[in-house]
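Naming: A, B, ... by sequence-line order, numbering from 1 per chain. What you are looking at is a predicted structure, and each value in this text was computed from that prediction instead of being measured.
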Protein chains: 2
Amino acid sequence: MRTKKEAVSKSDRDAALSRKLSGAGTGRASQRAPKKSRISVLIADDHTVVREGLVSLIRRKPDMSVLGEATNGREAVELWKQHRPDVTLLDLRMPELDGVSAIKEIREHDEHARIIVLTTFDGDEDIYRAIQAGAKGYLLKDVPREALMDSIHRVHAGETCVPVHLAAKLAERVSGETLSSREIDVLKLMAQGKSNKEIGATLFISEGTVKSHVKAIFAKMNVISRTEAVANATRRGLIQL
Amino acid sequence: MRTKKEAVSKSDRDAALSRKLSGAGTGRASQRAPKKSRISVLIADDHTVVREGLVSLIRRKPDMSVLGEATNGREAVELWKQHRPDVTLLDLRMPELDGVSAIKEIREHDEHARIIVLTTFDGDEDIYRAIQAGAKGYLLKDVPREALMDSIHRVHAGETCVPVHLAAKLAERVSGETLSSREIDVLKLMAQGKSNKEIGATLFISEGTVKSHVKAIFAKMNVISRTEAVANATRRGLIQL
DNA sequence: CAGATAACACCTCTTTCGGGGGAGGAAACA
DNA sequence: TGTTTCCTCCCCCGAAAGAGGTGTTATCTG
């Protein structure tokens, strides 16, 4: 009746994450830096104006070039496979295929693919999942031009690049308690306004069991009511209402 | 103890809204079209890449020019007063001063200011408030280039420009029931996970009164639980959690 | 392998929610 | 002037929610 959804353990995941973050800001050189004169960049964002802005910014740089533009995650993966860009700029929430899934698919083809997530969402869970999936950088769309360009250079050079305030959120997430997959199931149904009984019926467990899960969720998220839990989870990017 | 927060009545507001929307898509000519050869555009968005994209798109057009860029609502109002642009492109959620407030301030100086809201939020309440404040257009950031340019031209010519799918949402909002200001107060506190008793203590009213408001909110929003109400309200842009 | 940890399931008990009403006062609209 | 809407408060009552504690089973950890 029960299925193990998370194949890797928490400690395994966090150890991997530490390894990924260890290179941040240290200036550690790439193990195999591309020899091309220009850094080729793939852009993936469903917002026309954002794509336009990135193209404009990159075209202005003599040491960079735009390799292609994707309007969703599926397209991003296809274009990546075709052109193998040096660096990929990727939004998180896109139609067809979301950013995290796109990162995972790309990294199935190349473990060392250099991907920067450029998005508006700053929830700790969003950041965590992106880095966990293999993103080398995480930037918000209000990032200044220079910082964006610097990040592209750094990621291209093999570094990991996450601004301090986002890294702090990430640290919070890592140090804080993790919701189990079952608890997330319950949380999602809670967010739909379902009662404990309805949740139980959906998940084929008793109402009492649902209550114990809800209790665990409250304790881990440090909230008192289900409404607060849903609001919190939405803000953190744990669920998208 | 009680203050009247909404000075204008519902019927007044909706009548005004109907007047504003009546010109949409009819091609009605402006009453006083500017005589300059180029349409001067003011850009206001806190996202660097979006501003960059808009500048890039507009610079490409021979009949348009960028008059200035603002990174928040306060700056947008200042720049508008300085340069009096033909058309203003404005994001909704910005630091310092939000988009709706900026629109209101600008229209205090010029009743006929031509403002287009360009944002990612498509909640009916967001759209309603923007149009209500006096926006002549409402576009999402995934709008194609041509549609954006067309909208700038149309708004400059004095038309109102709201895409059909957004206009439909707006119609839903207008036809649906309106929450009173007090009900919104309660809803906001509900979203923070507060109990009826706590809400009562915060608003200096009895718990019974809170329950009455909560009941009214459920009925108007057509939901059963407070969690559902908060999720719904957030999605619609009624509250920002 | 023993011991700890965590997820999952289930049980009672008290408090709070939420549905069903009703009612009076203030302000705005006709 | 009457009508409508909003805000305030009240009642009852069944159904949830939320706070306790128990036990079983995997999976790390030493």
Side-chain angles (χ1 to χ4, degrees), chain A residues 1-16 176-187 189-230, chain B residues 1-15 176-187 189-230 232:
Chain A
M1 181 171 251
R2 204 183 323 157
T3 50
K4 201 66 201 147
K5 293 186 182 172
E6 296 183 74
V8 272
S9 72
K10 183 180 188 297
S11 49
D12 268 1
R13 278 185 281 120
D14 287 351
E177 299 203 77
T178 319
L179 293 193
S180 72
S181 59
R182 197 56 161 175
E183 284 159 355
I184 295 214
D185 291 341
V186 173
L187 186 58
L189 293 169
M190 246 192 333
Q192 291 168 27
K194 292 189 190 263
S195 70
N196 289 337
K197 191 180 287 182
E198 289 174 313
I199 295 172
T202 308
L203 298 179
F204 303 108
I205 56 181
S206 84
E207 184 185 349
T209 305
V210 176
K211 286 185 175 183
S212 66
H213 285 308
V214 171
K215 238 188 314 180
I217 293 169
F218 289 174
K220 287 181 178 178
M221 298 186 67
N222 197 29
V223 297
I224 315 179
S225 72
R226 47 178 57 214
T227 308
E228 200 183 351
V230 169
Chain B
M1 179 169 249
R2 201 184 320 155
T3 51
K4 201 64 201 148
K5 294 186 182 172
E6 296 184 74
V8 274
S9 73
K10 184 179 188 297
S11 49
D12 265 3
R13 280 184 282 121
D14 287 352
E177 298 204 77
T178 320
L179 292 193
S180 71
S181 59
R182 199 55 162 174
E183 283 160 357
I184 296 213
D185 292 341
V186 173
L187 186 59
L189 292 169
M190 247 191 335
Q192 291 168 26
K194 292 187 189 268
S195 70
N196 289 338
K197 194 180 287 182
E198 289 173 314
I199 295 173
T202 307
L203 299 179
F204 302 108
I205 56 179
S206 83
E207 185 184 349
T209 305
V210 176
K211 289 173 90 171
S212 299
H213 287 309
V214 170
K215 263 189 290 189
I217 293 169
F218 289 174
K220 287 182 178 177
M221 296 186 70
N222 198 29
V223 297
I224 320 177
S225 72
R226 46 180 60 214
T227 307
E228 201 182 348
V230 169
N232 231 314

Closest listed nucleotide, where the reference is the side chain of I224(A) and the choices are dG19(C), dA19(D), dA17(D): dA19(D)
Selection from dC7(D), dT16(C), dA19(D) that lies nearest to any side-chain heavy atom of S180(B):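 It is dC7(D).
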Taking only N and O in the side chain of [X], is any of them less than 4.0 Å away from OP1 or OP2 of [N]?
X	N	result
S225(B)	dG18(C)	no
S206(A)	dC10(C)	yes
K220(A)	dA7(C)	yes
N196(A)	dA17(D)	yes
S181(A)	dA7(C)	no
R182(A)	dA9(C)	yes

Flag, side chain of E228(B) to backbone of I224(B), donor-acceptor distance under 3.5 Å: yes
[X] [atom1] to [N] [atom2], straight-line distance once rounded to whole Å:
X	N	atom1	atom2	answer
F218(B)	dA16(D)	CZ	P	14 Å
M190(A)	dA17(D)	CE	P	10 Å
E207(B)	dC10(D)	CD	P	10 Å
K194(B)	dC17(C)	NZ	P	13 Å
I217(A)	dA17(D)	CD1	C1'	14 Å
H213(A)	dC11(C)	NE2	C1'	15 Å
R226(B)	dG18(D)	CZ	C1'	13 Å
E183(A)	dA6(C)	CD	C1'	10 Å

Closest-nucleotide ordering on DNA chain D, the 5'-leading residue of I205(B) and K211(B):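 It is I205(B) whose nearest nucleotide is closer to the 5' end.
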Touch class at under 4.0 angstrom, heavy-atom based, for S212(A) against every strand present: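 Base contact.
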Sugar-phosphate, base or nothing in reach of T209(B), heavy atoms under 4.0 Å: base
Look up atom [atom1] in [X] and atom [atom2] in [Y], then write down how far apart they are to the nearest 0.5 Å.
X	Y	atom1	atom2	value
L189(A)	S195(A)	CG	OG	10.5 Å
N196(B)	H213(B)	CG	NE2	11.0 Å
K194(B)	I199(B)	NZ	CD1	8.0 Å

Any N/O donor-acceptor pair, K215(A) side-chain to dG18(D) base, under 3.5 Å: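 There is none.
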Over all atoms of both residues, closest heavy-atom pair of K220(A) and S180(A):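 Closest heavy-atom pair between K220(A) and S180(A): NZ-N, 3.9 Å.
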